[in-house]
Amino acid sequence: MKLSARIAAPAAALVLAGLTATACAPQTSDTSAEGDKKSGTLRVWLFQEVGNKPKEKVVDAAVADFEKAHEGAEVEVEYIPVDTRAQRIKAAFNDPKSAPDVIEYGNTDTAGYVKDGGLADVSKEFAAWDEAKDTDPTAKQSVTVGGQVYGAPFFVGVRALYYRTDVFEELGVEPPKSQDELISTARKIHAKKPGLYGLAVGGAYTYGAMPFIWAQGGELADETGVTYQSAINSEKARKGIEAYTSLFGDDNCPAAKCAAMGGNATVTAFASGKAAMAIGGDFSHAAVEAGAVKGKYAVVPLPGVKKGTIAPAFAGGNNIGVLKSSSHRTLAVDLMKSLTGKKTQAKMFDAMGFLPTYTDVLDTAAGKEPFVGPFVDTLGAGAKFVPASPAWGQIDASLVLPNMFQEIVSGRKDVATASDDAAKKMDAAFAEAG
């Protein structure tokens, strides 16, 4: 998950879209629940947003519906800080008696939490849930490990291409429709307006770089049955790496300034008027609207290799899961459904701008807010996810991919050497995770 601003309000908790927890709980010896109580108090931990009141209002309504339908059951909701969630959840996994029944968690944490034995397998309940049939496939993938389901998607976030309509009109250029056009357009704009980055890119912007790799047919890793093997040094992946790193230089975004930038920095560069284009999320809308380019920008899907195609985007977001230690298994699953159902997700979009994970609810959201359309189109074209391995947390926290990009753009290593070195580090992490 990555910290970003959201549509309706800046949300320091968009951990979602990709900020992986750096501290995961160790293996727990026994987190199994005792019994399945049909009444009593259920405890819920949700993430505290920067502007949390709208979220609280939606959650309160969902809880009220749940309590009305389940006589004798009460719900206590606690909003926990995002930046300390790893410690809180680690403690909960290790001390089931003090743990909540239901938690919100970032979707890149799923595999790690499953390995730690903290999340309950809700495959049967999810399969029998009528609303679940409309879940976006990539969103469902984010709660799936080893073919089993460990929660329900809460919202999803993807990235697309923000561009300056005033600059494009002035220079007589059109929004790019292919990856080659994207690169050439960025260079053309920078040549005519040296004070602007053509396309703001960042050496530490992992989730902005991934679409270039996927668009070329590359993968981060291949599943080998019980584990994963890095594919970042495959021929196709290297083509994507070359395309992305070609954008660092004096003809677009100088490496000296851009190599250290992450996703937030690239969006800030665009919002402040320093870039003609940037790769930003649906969750970046509020930050851009609050910037110097308000009223002078538009959004289109990030183009793929072939003209008219859409590059696969990383599907970030958050999920809601039931802890294996819950003594209210049936009630906790029903509460999970209430918090992640279509009614609640539609309200959460209106209140917070979180993109729904149901295809039909997404279409309705796009009808309400036209700017959402390119992100919905991106999801529909086939977004992708990180390897469903507990090793991903270590790979992300160790900055394996950002270090690879930075080594290339700095000239310290060529693409082949840097990607081989990154693959070795990834494979070591996969082997350690088992």
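Keep in mind it's a predicted model, so treat the numbers as computed, not measured. This chain uses plain numbering: 1 for the first residue, then up along the sequence.
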Show me the donor-acceptor pairs within less than 3.5 Å that the side chains of residues 426-434 make with the rest of the protein, sequence neighbours left out.
from: Asp427; atom 1: OD1; to: Ser230; atom 2: N; distance (Å): 2.7

Under 3.5 Å, which donor-acceptor pairs link side chains of residues 374-391 to any protein atom two or more places apart or in another chain?
from: Thr378; atom 1: OG1; to: Pro374; atom 2: O; distance (Å): 2.8
from: Lys384; atom 1: NZ; to: Glu219; atom 2: OE2; distance (Å): 3.1
from: Ser389; atom 1: OG; to: Ala391; atom 2: N; distance (Å): 3.0

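Among all heavy-atom pairs drawn from Ala231 and Ala237, the shortest one is O-CB, 3.5 Å. Considering every non-hydrogen atom in both Thr206 and Leu401, the closest pair reads CG2-CD1, 3.8 Å. Taking each heavy atom of Ala61 and Lys347 in turn, the nearest pair found is CB-NZ, 4.0 Å. Residues Tyr150 and Ala120 approach most closely at CD2-O, 3.5 Å, considering heavy atoms. Residue Gln345 comes nearest to Thr357 through the heavy atom pair OE1-N, 2.6 Å, listed as atom of the first residue, atom of the second, then distance. For the residue pair Phe270 and Val293, the shortest heavy atom distance occurs at O-CG1, 3.3 Å.
Contact of the Lys140 side chain with the Phe126 side chain is registered, since non-hydrogen atoms from C-beta on lie closer than 4.5 Å. Between Cys253 and Leu199 there is no side-chain heavy-atom pair separated by less than 4.5 Å. In this structure the side chain of Phe168 reaches within 4.5 angstrom of the side chain of Thr185, judged on heavy atoms. Looking at heavy atoms from C-beta onward, Lys37 lies out of side-chain contact with Leu331 at the 4.5 angstrom threshold. Two residues are said to be in side-chain contact when any heavy atoms from C-beta on lie closer than 4.5 Å; Val305 and Gln216 meet this criterion. Looking at Val102 and Trp45, their side chains never come closer than 4.5 Å, going by heavy atoms from C-beta outward. In this structure the side chain of Asp282 reaches within 4.5 angstrom of the side chain of Val158, judged on heavy atoms. Counting heavy atoms from C-beta outward, Met277 and Leu182 have side chains that approach closer than 4.5 Å.
For the residue pair Asp180 / Ser178, no side-chain donor-acceptor distance below 3.5 Å is found, with atom types taken as modelled. Side-chain N/O atoms of Asp36 and Thr330 include a donor and acceptor closer than 3.5 Å. Judged by distance alone, the side chains of Asn233 and Ser419 never bring a donor and an acceptor atom under 3.5 Å apart.
Taking a cutoff of 4.0 Å between a charged side-chain nitrogen and a carboxylate oxygen, Arg329 and Glu125 qualify as a salt bridge. At a threshold of 4.0 Å, the pair Arg164-Asp166 counts as salt-bridged, since one of the basic side-chain nitrogens sits closer than that to a carboxylate oxygen. Salt-bridge formation is detected for the pair Glu56/Lys53: a Lys NZ or Arg NE/NH1/NH2 atom is positioned less than 4.0 Å from an Asp or Glu carboxylate oxygen.
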Salt bridge (Lys or Arg N to Asp or Glu O under 4.0 Å) between Asp350 and Lys368: does it pass, once the steps are laid out? CA-CA 9 Å; Asp350 291 339; Lys368 287 183 177 180; 3.0 Å; yes
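Within a 6.0 Å radius of NZ in Lys296, more than 12 heavy atoms belonging to other residues, nucleotides or ligands are found. Heavy-atom contacts from other residues, nucleotides or ligands closer than 6.0 Å to CD of Glu74 number 12 or fewer. Sparse packing is recorded around NZ of Lys124, with 12 or fewer heavy atoms of other residues, nucleotides or ligands lying under 6.0 Å away. Under a cut-off of 6.0 angstrom, the local environment of NZ in Lys177 is crowded, with over 12 non-hydrogen atoms contributed by other residues, nucleotides or ligands.
Aromatic pair Tyr244/Phe405: ring centres closer than 6.0 Å.
Using cut-offs of 30° and 60° on the angle between ring planes, the pair Phe314 and Tyr207 is tilted.
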